[in-house]
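FYI, side chains are in, hydrogens and waters are out, and symmetry mates aren't considered; it's all heavy atoms of this structure. Throughout, a chain's letter reflects where its sequence line sits, starting with A, and its residues are numbered from 1.
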Amino acid sequence: MQLFEQKENFRKALITWYLTEKRDLPWRRTNNPYYIWVSEVMLQQTRVDTVIPYYERFIEKFPTLADLAEAKEEDVLKMWEGLGYYSRGRNLQAGVKEVVAEYDGQIPGNRKDISRLKGVGPYTAGAVLSIAFGVPEHAVDGNVMRVLSRLLLIEEDIAIPRTRKIFEDVVMELIDEEDPSSFNQGLMELGATICTPNPRCLLCPVRDFCIAFHEGKQGELPVKSKKVRMKTIPQVSFAIRNPDGKWLMRQRPTTGLLANMWEFPMVESTGDASAEELFRAAYGLEISNIKPLLDFTHIFSHLTWNMKSYLSTTVKEAPEGFKFLSNDEVEALPKAIPVVKIWEEIKKTFEINTKG
DNA sequence: CAAGCGTGGTA
DNA sequence: TTACCAAGCTT
């Protein structure tokens, strides 16, 4: 069957399948545009199973858009701890603040305005517009590109940004004006459960429309170029305790990797300098009683840290930019996974019980 | 546009 | 073990 000549039949097959087979997910039990927005940001490059508990905790902590707008950034990042891509959390709060300041707390219902909000790109704009407001707008993510590349045998490289416009145009041609939410979510649900990288075509509700299936090319699509060479950086981290039993920590810079997250002092390990020498050179602080704590490798999306962590003590004051913090304070701060791992090891070593 | 930006799951 | 992801956005 020709897809474009059978638009109505295609829409009906897709939407009927979606309404029957869709998974029961927390954000599918609401039309609250703020909740939809939160879920869409969390779902960026992140699995559904990972997001669910974060979503539940987040909307419990910040039940309304106003609650999030008024929150401390540190509390927002704490709720994001372990979810990754932490600028998403900071940008979400920034966007929410813009809605309060410029739109009287009402999320804009058109693409032009909603797209101006921090952290809202072309996909998230279309998702919120179609799902929460019922506006017939495209919401093209990786799922949609995979599904449509197969249905229509589109062989453009989906790794190239400008390719997305091809799929946006296709969606605007096909979209169901009566139920754009189910249409867009149907395409995504299909990509997530049936039209996966290794597709299960025999279960597909729209395989009769699929050119790739017809020609047996579903395994060759979508076309996606890839170029990633990963750097490995050796890091040395120091958990330094003062006589009050407090730990030396700092907040990372406001831009770049793990922006604004907290960490134990850390330096790139170059050459064969000892841990103590590295730390004195970096911060000019004398430390003693150095003992190995925990070694591990942490893999980011674009680089790898080979971590060696040490325990030590000092009697000096904190250097510029650092703070000595109690166990409960360390527990409460937002920390990325490598820092959490070191902190967990410290808590085990010293049998620390925190209020958190 | 290309590169930077997290984490955990899976083949 | 390596590679590739999973509902992308910013600079």
Side-chain angles (χ1 to χ4, degrees), chain A residues 18 22-23 25-28 36-55 77 80-92 94-95 114-132 138-147 157-165 167-168 171 181 184-193 195-198 219 222 224-233 252-261 263 296-305 334-341:
Chain A
Y18 172 71
K22 66 180 178 181
R23 293 165 291 175
L25 304 174
W27 45 88
R28 288 183 175 162
I36 301 298
W37 186 3
V38 170
S39 72
E40 290 302 339
V41 173
M42 286 188 170
L43 285 162
Q44 289 167 10
Q45 302 289 285
T46 310
R47 292 180 141 75
V48 165
D49 289 344
T50 302
V51 167
I52 290 173
Y54 280 91
Y55 172 83
L77 284 176
W80 217 268
E81 182 178 286
L83 191 55
Y85 286 144
Y86 298 99
S87 65
R88 289 183 299 171
R90 296 191 301 124
N91 288 340
L92 174 61
I114 200 172
S115 297
R116 289 209 183 89
L117 301 174
K118 199 80 169 175
V120 177
Y123 164 75
T124 303
V128 173
L129 290 173
S130 60
I131 297 170
H138 58 77
V140 174
D141 69 343
N143 284 316
V144 174
M145 288 196 284
R146 184 170 57 254
V147 170
D157 182 359
I158 68 168
I160 299 171
R162 62 181 149 78
T163 301
R164 200 191 65 245
K165 187 181 180 356
F167 293 94
E168 289 173 350
V171 170
S181 170
N184 281 340
Q185 292 196 79
L187 284 179
M188 290 189 276
E189 188 79 354
L190 194 61
T193 61
C195 196
T196 50
N198 291 313
K224 185 174 186 179
S225 66
K226 199 64 179 186
K227 55 278 177 187
V228 175
R229 61 174 181 283
M230 188 111 91
K231 274 193 310 185
T232 298
I233 302 174
R252 293 178 60 88
T254 54
T255 59
L257 185 63
L258 308 180
N260 284 8
M261 303 293 278
E263 67 184 8
F296 60 94
T297 295
H298 185 80
I299 301 170
F300 295 94
S301 54
H302 59 299
L303 58 86
T304 297
W305 281 356
K335 302 173 288 292
I337 292 299
V339 182
V340 169
K341 282 184 179 166

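- A/Ser39 comes within 4.0 angstrom of nothing in the nucleic acid, heavy atoms only.
- Contact annotation for A/Trp27: base contact, defined as any heavy-atom pair under 4.0 Å involving a base atom.
- Residue-level contact check: A/Leu258 touches the backbone only, with heavy atoms under 4.0 Å from sugar-phosphate atoms and none from bases.
- Taking only side-chain atoms of A/Tyr123, from C-beta outward, the nucleotide of C/dA6, B/dT7, C/dG8 with the closest atom is C/dG8.
- Closest heavy-atom contact between A/Tyr86 and A/Ala336: OH-CA, 3.9 Å.
- Atom CG in A/Leu43 sits roughly 11 Å away from atom C1' in C/dG8 (whole-Å rounding).
- A residue-by-residue look at A/Arg162 and A/Ser87 shows that A/Arg162 has its nearest nucleotide of DNA chain B further toward the 5' end.
- OP1 or OP2 of C/dG8 has not a single side-chain nitrogen or oxygen of A/Arg164 nearer than 4.0 Å.
- Nearest-nucleotide positions on DNA chain B for A/Thr50 and A/Leu257 put A/Leu257 closer to the 5' end.
- A donor-acceptor contact closer than 3.5 angstrom links the side chains of A/Tyr18 and A/Gln185.
- Under 4.0 angstrom from either OP1 or OP2 of B/dG4 there lies no side-chain N or O belonging to A/His302.
- Within 4.0 Å of A/Val41, counting heavy atoms only, lies no atom of the nucleic acid at all.
- Across C/dC9, C/dA6, B/dT7, the shortest atom-to-atom separation from the side chain of A/Pro338 is found for B/dT7.
- Put simply, CH2 on A/Trp80 is 12 Å from C1' on C/dG8, counting in whole angstrom units.
- If you take CD of A/Gln45 and C1' of C/dC5, they are 9 Å apart, rounded to a whole angstrom.
- Base engagement by A/Arg23 is indicated by at least one non-hydrogen atom pair under 4.0 Å involving a base atom.
- For the residue pair A/Ser225 and A/Asp157, a side-chain donor N or O sits within less than 3.5 Å of a side-chain acceptor on the partner.
- Here the closest heavy-atom approach between residue A/Gly95 and residue A/Lys118 is recorded as N-CB, 3.9 Å.
- At least one donor-acceptor pair closer than 3.5 Å links the side chain of A/Arg88 to the backbone N or O of A/Gln44.
- If you measure from atom CD1 of A/Ile52 to atom C1' of B/dG8, you get 15 Å, rounded to the nearest angstrom.
- Nearest-nucleotide mapping onto DNA chain C: of A/Val120 and A/Met188, the residue sitting toward the 5' end is A/Met188.
- Using P as the reference atom, B/dG8 and C/dC9 are 22 Å apart when rounded to the nearest Å.
- In this structure the side chain of A/Arg90 never reaches within 4.5 angstrom of the side chain of A/Trp80, judged on heavy atoms.
- Between C/dA6 and B/dC1, the distance separating the two P atoms is 23 Å to the nearest Å.
- The listed nucleotides are C/dT11, C/dC9, B/dG6; the one nearest the side chain of A/Lys118 is C/dT11.
- At the phosphate of B/dT7, neither OP1 nor OP2 sits under 4.0 Å from any side-chain N or O atom of A/Arg47.
- Taking 3.5 Å as the limit, the base of B/dG8 and the side chain of A/Thr46 contain no donor-acceptor pair of atoms between them.
- Residue A/Tyr86 has a polar side-chain atom (N or O) positioned under 4.0 Å from OP1 or OP2 of B/dT7.
- Judged by distance alone, with hydrogens and angles left aside, the side-chain atoms of A/Arg252 form a donor-acceptor pair with the main-chain N or O of A/Leu257 at under 3.5 Å.
- The side chain of A/Phe300 has B/dT7 as its nearest neighbour among B/dT7, C/dA6, B/dC5.
- Pairing each heavy atom of A/Ser130 with each of A/Asn184, the nearest pair is OG-ND2, 3.0 Å.
- Residue contacts shown for A/Arg28 include a base, since a base heavy atom lies under 4.0 Å away.
- As rounded to the nearest Å, B/dA3 and C/dC4 have P atoms that lie 16 Å from one another.
- Between A/Tyr85 atom OH and B/dG8 atom C1' there is a gap of 12 Å when expressed in whole angstrom units.
- Between A/Met42 atom CE and B/dT7 atom P there is a gap of 15 Å when expressed in whole angstrom units.
- Here the P atom of nucleotide C/dC9 and the CG atom of A/Leu117 are 12 Å apart, to the nearest Å.
- With distances taken from any side-chain atom of A/Gln44 to the nucleotides B/dG4, C/dC9, B/dT7, the minimum falls on C/dC9.
- Distance A/Glu81 CD to B/dG8 C1': 15 Å, rounded to the nearest Å.
- Note on A/Ala336: only backbone sugar-phosphate atoms sit closer than 4.0 angstrom, heavy atoms only; bases stay farther off.
- Residue A/His298 places at least one side-chain N or O under 4.0 Å from the OP1 or OP2 atom of B/dT7.
- Within 4.0 Å (heavy atoms only), A/Leu187 reaches no atom of the nucleic acid at all.
- Taking for each of A/Ser115 and A/Glu189 the nucleotide of DNA chain C with the nearest heavy atom, the 5'-most of the two is the partner of A/Glu189.
- Residue A/Lys224 places none of its side-chain N or O atoms closer than 4.0 Å to OP1 or OP2 of C/dA3.
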